[in-house]
Protein chains: 2
Amino acid sequence: MDSSPPIEATVAAPPLEGVEFLPLDECERGVIEMFVSAADVLGFPRSLGELYGLAYISPQPIHLAEVCERLKMSKGSASQGLRTLRDLGALKPVYVAGDRRDFFQPEIKMRVLVGRLLAERLRPHLERSSGALGQLKNEADATVTPQVKKFRQERIEMLGAWQKRISTFLPLLQRILR
Amino acid sequence: MDSSPPIEATVAAPPLEGVEFLPLDECERGVIEMFVSAADVLGFPRSLGELYGLAYISPQPIHLAEVCERLKMSKGSASQGLRTLRDLGALKPVYVAGDRRDFFQPEIKMRVLVGRLLAERLRPHLERSSGALGQLKNEADATVTPQVKKFRQERIEMLGAWQKRISTFLPLLQRILR
DNA sequence: CGGAAAGTTCAATCTTTTTTGAACAATCTC
DNA sequence: GAGATTGTTCAAAAAAGATTGAACTTTCCG
């Protein structure tokens, strides 16, 4: 018969059934939007920007239920997103005595954030490709046409120079961001 | 030693219908793969990595038909990809006398490549968000709870500091990469 | 133990991005 | 001008990526 849920009669009482947290205000939305945009620049999904943004502008540590309700995000998404950000070092677990829930605070040291990002993204690529470079050099050396061989050797040499440049640049960046 | 059977039957390749260019050899494939991986790190589609990679390891300027055949890429994709890379400044048009086709050579100055990338990606974001910051400050100032207001003002202040840091860092980066 | 609370997992779904291919436009050649 | 060559456009298909939600595990507590 009537499969619709029972209509909430307590209109006067602000705390509706299942609503525990305040909706985002103008300021919070603005800050979150900024982090969403940053996430976009970095190629991260929107939801990660929302999660970090909320943590960033929240005076108190955030937790799963709050995040689901205030950002209107599914539990699955929020759970995975929080984990990703924790693994990335962008959110730090915070222990709250007598509370079983997992709370998170944002890492706000730019140096740490950038460092983690580079370690996560760039380093694997650098390692893979510096490994591949040796093999590539052999293949260039095996080229028959002398002109083409020389050209290839030069270009692959330059690839190595680029990699080296990036590798030496990373520690420098870390120092600058202190 | 070499356990593979000595198959060396490939002499004069039969000129197949519609096949004008040599297939990629081991070396070319390796270099292209490296740029595909780099494109991935930067969040660009695979095809852009392939296109730039082929241009990078080709002694001669590349053109549409060659790219389609050697990379097994549709004409549409190749056309759009070449355009995107040209707009980005990663590929430079080359005039070849007496040939109506559009040829391209790669930009190989790292400083230029990085500079274009940042201008394309980061700058729009920085402009948008430095515009939004003023508004955000107002909203923080309008917060009722004194503690929360103070907290928000501090965090938004820090956002501004981050932006400034990035902005001053970009010219420095350009100088380092000279 | 039984139930509630918190969090995880993952197949299905939805969304966005990328690629294809055929039609079209522009330009050259004879 | 007719035909060939080169490149562009864009609607549709395919692929990749993100999100949902419901079932499940674990832990806590009386």
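Here is how names work: the chains are called A, B, and so on, in the same order as the sequence lines, proteins then strands, and each is numbered from 1.
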Problem set entry | Any B:Ser79 side-chain nitrogen or oxygen under 4.0 Å from OP1 or OP2 of D:dT8 |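 Looking at the OP1 and OP2 atoms of D:dT8, one of them is under 4.0 Å from a side-chain N or O of B:Ser79.
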
Exercise. Does B:Ser77 place a side-chain N or O at less than 4.0 Å from the phosphate oxygens OP1/OP2 of C:dT18?
Worked result: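 Looking at the OP1 and OP2 atoms of C:dT18, neither is under 4.0 Å from any side-chain N or O of B:Ser77.
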
For this session: Applying side chain to side chain donor-acceptor pair (under 3.5 Å), run through A:Gln153 and A:Glu157 and close with a yes or a no.
Result: CA-CA 6 Å; A:Gln153 286 170 332; A:Glu157 197 62 42; over 6 Å; no

For this session: Could you tell me whether a side-chain N or O of A:Arg152 sits under 3.5 Å from a main-chain N or O of A:Ala140, the two making a donor and an acceptor?
Result: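 Not at all, since once roles are kept as given, no pair shorter than 3.5 Å links the two residues.
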
Can you tell me the distance, in whole Å, between the [atom1] atom of [X] and the [atom2] atom of [N]?
{"X": "A:Asp99", "N": "D:dT27", "atom1": "CG", "atom2": "C1'", "answer": "14 Å"}
{"X": "A:Leu51", "N": "C:dG7", "atom1": "CG", "atom2": "P", "answer": "13 Å"}
{"X": "B:Lys72", "N": "C:dT20", "atom1": "NZ", "atom2": "P", "answer": "12 Å"}
{"X": "B:Met73", "N": "D:dT8", "atom1": "CE", "atom2": "P", "answer": "14 Å"}
{"X": "A:Glu50", "N": "D:dA18", "atom1": "CD", "atom2": "C1'", "answer": "12 Å"}
{"X": "A:Leu85", "N": "D:dA18", "atom1": "CG", "atom2": "P", "answer": "13 Å"}
{"X": "A:Leu48", "N": "D:dA18", "atom1": "CG", "atom2": "P", "answer": "8 Å"}
{"X": "A:Leu64", "N": "D:dT26", "atom1": "CG", "atom2": "C1'", "answer": "15 Å"}

Exercise. Among D:dC10, C:dT9, D:dG7, which nucleotide sits nearest the side chain of A:Gln80?
Worked result: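 Of the candidates, C:dT9 comes closest.
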
Exercise. Between C:dC10, C:dT20, D:dG7, which one does the side chain of B:Ser74 approach most closely?
Worked result: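 Looking only at heavy atoms from C-beta outward on B:Ser74, the closest nucleotide is C:dT20.
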
Exercise. Closer to the 5' end of DNA chain C via nearest nucleotide, is it A:Asp40 or A:Arg101?
Worked result: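 The residue whose closest nucleotide sits nearer the 5' end is A:Arg101.
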
Exercise. Which residue, A:Arg83 or B:Gly43, contacts DNA chain C at a nucleotide closer to its 5' end, judged by nearest heavy atom?
Worked result: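 First, find each residue's nearest nucleotide; the 5'-ward one identifies A:Arg83.
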
Exercise. Cation-pi between B:Arg121 and B:Phe44: NZ/CZ under 6.0 Å from ring centre and within 45° of the ring axis?
Worked result: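 Because its charged atom sits under 6.0 Å from the ring centre and within 45° of the axis, B:Arg121 does stack over B:Phe44.
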
Exercise. Do we get A:Arg155 above B:Tyr56's six-membered ring, with its NZ or CZ under 6.0 Å from the centre and within 45° of the axis?
Worked result: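 Yes, A:Arg155 and B:Tyr56 form such a contact.
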
For this session: Tell me which of B:His63 and A:Ser47 sits closer to the 5' end of DNA chain D, going by the nucleotide each one is nearest to.
Result: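 The residue mapped nearer the 5' terminus is B:His63.
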
Exercise. Can a donor-acceptor pair under 3.5 Å be found between the side-chain atoms of A:Lys75 and the base atoms of D:dG21?
Worked result: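 No pair found.
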
Problem set entry | Polar side-chain contact B:Arg100-D:dT5 base: donor and acceptor under 3.5 Å |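 Under the 3.5 Å cut-off, the side chain and the base do form a donor-acceptor pair.
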
For this session: Step through the shown structure and confirm whether more than 12 heavy atoms of other residues, nucleotides or ligands are within 6.0 Å of CD on A:Gln163.
Result: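 Buried by this count: over 12 neighbours within 6.0 Å.
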
